[in-house]
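Before any comments, here is the structure.
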Amino acid sequence: MSNKRKGLILSASGVMAVALAGCGVQSATSSLGAAPKQITIASQDFSEAVIDDYILKDLIEVKTHIHVTIKQTSGASQLMHSMMQQGAIQMYVGYDGTEFQESLHQSYSGKFAGHPKAVTKYVKTQEMKQFGVWVSPSLGYQDTYALAVNQSTAQKYHLTTDSQAAKYFGTWNMATDTTFPYLHHTGLKGFERTYGATFKKVTPMSYNLIYEALAHHDVQAIMAYSTDGRLKKLHEVPLADNKKFFPPYHGIVLIKNSVRKADHLTKVLKPLWGTISTAAQTQMNYEVDVLKESPSTVAHQFLVKKGLI
């Protein structure tokens, strides 16, 4: 779960959105009421989002006469949301937990804490009500924080969940990115409180360094992103958040509702919902980030494998 999708707020969002608005993207409906011939998807600047964008592009272009443009940006959820409202884009891949906290300014506490389905429902309802944005069912995967250990550690102690691992926290050093320890409701203190144990030592560092720290046994656990391809590369095992401490971070597609209806995208995209498992998304991320394959090629191969095109 990249920091970029965890609520990076860019002051340049308005500038970027205005710039994109002048890129020749047709409006949701022409003056004659015809469906648009082009859809623009804005992509966040990490591989997972780009891969999923190409999956959408391929599927739409094969099933319709619409041309899809992918516009890569340096922004995150709030920038994407701003672009949508200004008409610069018609679609983007997001995460329900991010939309909940950033675009809708809610906190995963009180009546929502421990109730991920309530979060998902709120996002779907309020995006439509407040912004006229349709939120898809889950693509199938979640990209969230996940406590991860070496494969040897998981096998030795028979670990699959955070509760099982908690009995060892007191003897473990843990590495995390520089954001997690300081998150108010969904950070380190809350995590330790929920699982009833405290780590021996927690070291914040550049996210790119935490995998090597675990691989070299400098730490016994890391707070990773659950679909990161490096988990696969280094044979590191993400554990299940069995107490639902973290809000849901299902991959979802947000579409301007007028465009969805005009272009019949509900029918076009319906076969995609639920088809990208966490393991499948991790594998695709691995192929792009580690094996250096093209996101468009990886996306196309996924659709072919699933029989969607």
Side chains of Phe100 and Asp96 in contact at under 4.5 Å (non-hydrogen atoms): no
Backbone N/O of Gln142 and side chain of Ser226: donor-acceptor pair under 3.5 Å: yes
Heavy-atom donor-acceptor pair, Thr125 side chain to Lys121 backbone, under 3.5 Å: yes
Tyr225 and Tyr207 aromatic centres sub-6.0 Å: yes
Cluster overlap Ile70 with Met83, hydrophobic side-chain contacts below 4.5 Å: no
Where at least one partner belongs to residues 282-309, residue pairs that pass ring-ring contact (aromatic ring centres under 6.0 Å, His included), sequence neighbours excluded: none
Close side-chain approach of Ile51 and Val288, heavy atoms under 4.5 Å: yes
Smallest separation among heavy atoms of Ser103 and Gln78, with atom names: N-NE2, 4.3 Å
Single hit among Asp53, Asp289, Asn285 for side-chain contact (heavy atoms from CB on, under 4.5 Å) with Glu48: Asn285
Residues, nucleotides or ligands: over 12 heavy atoms within 6.0 Å of Lys124 NZ: yes
Pair His81 + Phe131: ring centers closer than 6.0 Å: yes
Heavy-atom pair of closest approach, residues Ile252 and Glu99: CD1-CG, 4.4 Å
Side chains of residues 191-200: which donor-acceptor partners sit under 3.5 Å, not counting sequence neighbours?
| from | atom 1 | to | atom 2 | distance (Å) |
| --- | --- | --- | --- | --- |
| Glu192 | OE2 | Phe199 | N | 3.0 |
| Thr194 | OG1 | Gly190 | O | 2.9 |
| Tyr195 | OH | Asp241 | OD1 | 2.5 |
| Tyr195 | OH | Asn242 | N | 3.2 |
| Tyr195 | OH | Lys243 | N | 3.0 |

Sidechain-backbone polar pair: Thr282 side chain, Thr278 backbone, donor-acceptor under 3.5 Å: yes
Arg230 and Asn208: side chain donor to acceptor below 3.5 Å: yes
